[in-house]
Each structure stands twice: as structure tokens, then as C-alpha cells.
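Structure first, then comments.
We count residues from 1, following the sequence as given.
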Amino acid sequence: MRILILGGTAQARELATGLRSRDEYRIIFSLAGRTHEPALPDLPREQLRVGGFGGVEGLSGYLRAESIDVLIDATHPFARVMSAHAVDAARTAGVRLLALRRPAWTAQPGDRWTHVPDVQTAAEHVAALADDRCVFVTTGRMELAAYAGDERHAYLIRAVTAPDGPLPPRHTVVLDRGPYSIEAESDLMARHDVGALVTKNSGGSATAAKLTAARRRGIPVTMVDPPAPAPGVETAATMADVLRLLELGSETSRR
């Protein structure tokens with residue numbers, strides 16, 4: 001079975017490495033190539049692909065040309081455009097589509113979360129905060145322009161790659177990649193006198209420490225909720241779920 005994995009998360013890399021060890025699957029792992037020196041799974045070079053496909057038409061053409069049997073969307077939960085392209089391309093090429101989506105975080109006792117649907121709403125929410133507090137932003141570098149009009153608050157911005165678009169007038173950029181410890185996150189918030197946190201609810205453990213640190217420090221969190229999966233897309237939360245769905249699909253095709 002030939003499988004194309006659209007990567008972008010640690011979970012995607014773990015899935016690719018795990019499937020590689022099984023003789024019944026042939027894996028191709030693809031990254032969009034937007035991050036400098038991206039983390040890659042342990043696969044032979046010929047099974048790694050970096051760069052865009054050229055939209056739905058390009059992806060569907062690739063699926064046909066490479067005789068892909070199953071497309072697994074294991075991109076970031078907020079990669080809306082790529083996920084939408086995966087749905088349309090799989091439908092066009094007649095290829096089965098699975099989506100790997102780890103469970104979202106849930107609030108714990110003591111958390112002070114405000115749920116919002118998107119980054120623009122998050123930016124409007126923190127801009128309206130009454131006091132002059134430092135806002136810690138961990139929503140990635142692609143949508144930072146949403147905060148650029150806020151002249152009142154200082155911003156601590158963390159990203160893997162340096163942002164190149166509009167930024168708030170008062171800002172500090174920290175380039176770093178998880179996983180993060182609770183102690184390190186708490187120290188970072190203390191050093192910059194963080195009074196508010198903005199994050200996307202992407203789930204997972206690698207970046208969850210900031211939530212515990214915020215809870216312990218009494219810092220309110222503006223939580224951007226993830227988009228719902230497209231209707232009809234088979235969704236898995238773990239590698240075991242993916243294997244179960246792949247095996248079910250194989251049994252169905254044999255019948």
C-alpha cells in the first residue's frame with residue numbers, strides 16, 4: 001500500500017517512522033518547506049519530499065502519478081488551506097483520505113481561558129485588555145499582522161522561524177522550537193512580565209507546558225479553537241487508530 005503523508009507535526013514524523021517498519025506499507029513523507037531546517041522523519045531520501053504541490057490540481061496529479069493508495073493529512077491542525085486541498089485532491093484522484101488529529105487541550109481547574117474562533121478575533125481580544133500588560137503570542141509567524149495595530153501592549157512573540165511581516169510596535173521575538181519544560185516557560189513569562197497568553201489549541205505535549213505555567217502564574221489565556229474536520233473525512237488521534245483504519249480499508253478492498 002502506497003501512502004503519502006502530509007507532514008508538519010511531531011506526530012506526523014512518528015507516524016512515518018512507525019509505518020516504515022511495516023513491510024506492507026510504502027511511505028512518502030511530504031513537507032511544505034516553509035520552515036528553515038525542518039525536522040524530518042527517519043526515512044530514506046527518496047521517500048522524503050519538501051515543497052508545495054501547486055494547489056489541488058498539482059496534488060491530485062501527484063497522487064495519480066505516484067499511484068498513491070492512501071493520503072494521510074498529518075499537517076498542523078490549523079493548516080486550513082492544505083487540509084482543504086487534501087480533501088479536494090483526494091476526491092479528484094479517487095484516493096482514500098485519513099486525517100491525523102491529536103486531541104485538543106481541555107481546561108483544568110484554575111485555568112482562565114477565553115475561547116475564540118481565529119487569530120484575528122484573538123488579536124482584537126487582547127488589544128482590548130484594560131491594562132498595559134505583555135502579551136505572549138505563540139500562534140506562529142504567519143498571522144502576526146493581526147497584532148500589528150496594537151500600540152498599547154508589549155508583545156513577546158515566539159516562533160520557529162523569524163517573522164517577516166508587520167509586527168506590533170513594541171515587541172520581542174524569541175526563536176525556539178519545542179518541547180518546552182514548565183520551569184523554562186514559567187521563567188520566560190517571569191522575565192518578560194507576561195500578563196496574557198495567546199495560543200492555538202493544537203493539542204499534544206511538546207508545547208503544553210506554557211498552559212501549566214500560565215495556570216500557576218494566574219495568567220489568562222486566549223485560546224484559538226481548531227477548525228472542525230471536513231465532513232466525511234476519516235479521523236485518527238493516534239498511530240494505533242491509523243493502523244486500525246488502514247487495516248479495515250485493506251479488508252474492505254479484499255472483499
Side-chain angles (χ1 to χ4, degrees), residues 1-22 24-56 58-90 93 95-104 138-143 159-161 176-179 200-208 226-227 229-230 233-246 249:
M1 183 184 294
R2 293 177 63 82
I3 300 173
L4 173 63
I5 299 175
L6 304 178
T9 63
Q11 195 180 23
R13 296 192 297 274
E14 293 167 3
L15 175 65
T17 302
L19 291 180
R20 178 194 178 186
S21 64
R22 302 175 70 95
E24 65 267 40
Y25 303 127
R26 166 73 175 181
I27 307 302
I28 301 175
F29 187 88
S30 176
L31 280 177
R34 293 177 178 172
T35 301
H36 181 61
E37 297 183 355
L40 296 171
D42 182 19
L43 290 174
R45 182 66 188 87
E46 63 270 17
Q47 291 176 244
L48 297 172
R49 185 187 184 283
V50 178
F53 289 95
V56 174
L59 178 54
S60 61
Y62 183 90
L63 295 173
R64 292 193 189 99
E66 295 296 325
S67 300
I68 300 299
D69 298 298
V70 180
L71 174 63
I72 299 180
D73 175 12
T75 58
H76 192 276
F78 288 83
R80 289 180 172 89
V81 173
M82 190 65 244
S83 292
H85 285 180
V87 171
D88 292 340
V95 169
R96 187 181 179 199
L97 172 63
L98 306 180
L100 181 61
R101 294 289 181 263
R102 58 198 176 205
T138 64
T139 53
R141 69 184 184 93
M142 302 301 292
E143 300 172 275
V160 175
T161 304
D176 200 2
R177 187 198 301 268
K200 292 177 176 178
N201 195 337
S202 54
S205 60
T207 59
V233 174
E234 297 176 271
T235 304
T238 65
M239 180 172 169
D241 292 338
V242 171
L243 288 172
R244 178 177 54 81
L245 290 172
L246 291 176

Q | 4.5 Å side-chain heavy-atom contact, Arg96 and Glu234 | A |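 Of all side-chain heavy-atom pairs linking Glu234 with Arg96, at least one is under 4.5 Å.
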Q. So do Phe53 and His85 actually touch side chain to side chain, heavy atoms under 4.5 Å?
A.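 No - every pair of side-chain heavy atoms lies 4.5 Å or more apart.
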Measure the spacing between [atom1] of [X] and [atom2] of [Y] and express it to the nearest 0.5 Å.
{"X": "Leu100", "Y": "Leu6", "atom1": "CG", "atom2": "CG", "value": "11.0 Å"}
{"X": "His76", "Y": "Gln11", "atom1": "NE2", "atom2": "CD", "value": "11.5 Å"}
{"X": "Thr138", "Y": "Asp176", "atom1": "OG1", "atom2": "CG", "value": "12.0 Å"}
{"X": "Leu243", "Y": "Tyr25", "atom1": "CG", "atom2": "OH", "value": "5.5 Å"}
{"X": "Leu246", "Y": "Met1", "atom1": "CG", "atom2": "CE", "value": "5.5 Å"}
{"X": "Ile3", "Y": "Glu66", "atom1": "CD1", "atom2": "CD", "value": "14.0 Å"}

Q: Could you check Ile68, Leu4, Leu59 and say which one makes a side-chain contact (heavy atoms from CB on, under 4.5 Å) with Val95?
A: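 Testing Val95 for a side-chain contact (heavy atoms from CB on, under 4.5 Å) against Ile68, Leu4, Leu59 leaves exactly one candidate, Ile68.
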Smallest separation among heavy atoms of [X] and [Y], with atom names:
{"X": "Leu43", "Y": "Phe29", "result": "CD1-CB, 3.6 Å"}
{"X": "Ala230", "Y": "Val87", "result": "CB-CG2, 3.8 Å"}
{"X": "Pro103", "Y": "Ala237", "result": "CD-CB, 4.1 Å"}
{"X": "Gly8", "Y": "Leu31", "result": "N-CD2, 3.4 Å"}
{"X": "Ala236", "Y": "Leu245", "result": "CB-CD1, 4.1 Å"}
{"X": "Arg2", "Y": "Ser67", "result": "CD-O, 3.5 Å"}

N/O donor-acceptor pairs under 3.5 Å from side chains in residues 12-21, not counting sequence neighbours:
unit_1, atom_1, unit_2, atom_2, d
Thr17, OG1, Arg13, O, 3.0
Arg20, NH1, Asp42, O, 2.9
Ser21, OG, Gly18, O, 2.7

Q | Short N-O contact, Glu143 and Lys200, less than 4.0 angstrom | A |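 Yes, charged N to carboxylate O under 4.0 Å.
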Q) Got a sec, which residues hit side-chain hydrogen bond (donor to acceptor under 3.5 Å, both in side chains) with Thr235, two or more places apart in sequence or on another chain? A)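 Thr235: no side-chain hydrogen bond (donor to acceptor under 3.5 Å, both in side chains) contacts found.
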**Q.** salt bridge (charged side-chain N to carboxylate O under 4.0 Å, His left out) contacts in which one or both residues fall within residues 68-79, not counting sequence neighbours
**A.**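 Qualifying pairs, neighbours excluded: Asp73-Arg101.
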Q.
Has Arg45 got a side-chain atom pairing as donor or acceptor with Leu48's backbone, closer than 3.5 angstrom?
A.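 Answer holds: yes.
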Q) Taking Gln47 for the side chain and Ile27 for the main chain, is one N or O donor matched with an acceptor at less than 3.5 Å? A)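 Looks like yes, one N/O pair under 3.5 Å.
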